[in-house]
Asker: 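Attaching a single structure in structure tokens format; questions to follow.
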Amino acid sequence: MTVTATVTTKGQITLPVSIRKALGIGKGDRLTFALKDNKVEIERVPNFLDLAGSIPVPPELRGLPWEEVRRRTYEARAQEWVEQNGVVP
């Protein structure tokens, strides 16, 4: 697919609708730009929630709110540190 866009005086472009739809880009999405062989490649940065299921989650953490998962993880890591170092950081 090839489409054109015009650069404004501020160096901005509007991504054509066909490109936004093809990449699944919506308001607030983040994009990466890579210059390769004098061409620009644009990719949508995946939403954190789009990555759900890509990392195994221990059964005891499944279904918990993210804040609780983080809290328990921090506590576990802190406990491991204390056990390895014998002192509280």
Side-chain angles (χ1 to χ4, degrees):
M1 168 188 326
T2 301
V3 295
T4 61
T6 302
V7 179
T8 70
T9 57
K10 293 183 178 183
Q12 300 171 331
I13 63 168
T14 298
L15 291 176
V17 172
S18 58
I19 299 297
R20 293 193 314 260
K21 285 183 178 179
L23 293 175
I25 297 171
K27 180 181 176 182
D29 284 346
R30 296 182 51 84
L31 305 174
T32 60
F33 296 81
L35 184 60
K36 295 184 180 177
D37 298 322
N38 212 27
K39 295 181 182 182
V40 176
E41 294 181 356
I42 301 172
E43 293 181 308
R44 183 175 67 86
V45 175
N47 182 308
F48 176 73
L49 296 176
D50 292 343
L51 301 174
S54 63
I55 298 174
V57 177
E60 65 273 11
L61 298 178
R62 292 181 188 154
L64 292 176
W66 179 241
E67 292 78 21
E68 179 65 13
V69 172
R70 289 181 55 192
R71 186 188 68 74
R72 290 185 185 192
T73 301
Y74 290 146
E75 285 181 2
R77 296 299 168 259
Q79 183 61 39
E80 288 174 9
W81 193 92
V82 169
E83 290 170 2
Q84 291 175 359
N85 297 286
V87 294
V88 177

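In this chain, residues are counted from 1 in sequence order. Treat the numbers as computed from the prediction; the structure is a model and nothing was measured.
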Asker: With sequence neighbours left out, which residue pairs that include part of residues 56-76 fulfil the side-chain hydrogen bond (donor to acceptor under 3.5 Å, both in side chains) condition?
Answerer: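 Non-adjacent pairs meeting side-chain hydrogen bond (donor to acceptor under 3.5 Å, both in side chains): E68-R71, E68-R72, R70-Y74, R71-E75.
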Asker: Check whether M1 and L23 end up in the same hydrophobic cluster, where Ile, Leu, Val, Met, Phe, Trp and Tyr are linked by side-chain heavy atoms less than 4.5 Å apart.
Answerer: yes
Asker: Do I19 and L35 belong to the same hydrophobic cluster, where Ile, Leu, Val, Met, Phe, Trp and Tyr are linked whenever their side-chain heavy atoms lie under 4.5 Å apart, directly or via other members?
Answerer: yes
Asker: In chain order, what residues pass the side chain to side chain contact (heavy atoms under 4.5 Å, CB included) check against I42, with sequence neighbours excluded?
Answerer: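 Side chain to side chain contact (heavy atoms under 4.5 Å, CB included) check on I42 returns L15, L31, F33, V40.
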Asker: If a pair satisfies side-chain hydrogen bond (donor to acceptor under 3.5 Å, both in side chains) and one of its residues is in residues 16-34, list it, with sequence neighbours excluded.
Answerer: none
Asker: Taking all atoms of both residues into account, what is the closest heavy-atom pair of I13 and V7, and its distance?
Answerer: CG2-CG2, 3.7 Å
Asker: Counting only N and O atoms by type, is there a donor-acceptor contact under 3.5 Å from the side chain of R44 to the main-chain atoms of I25?
Answerer: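 No: the side chain of R44 does not pair with the backbone of I25.
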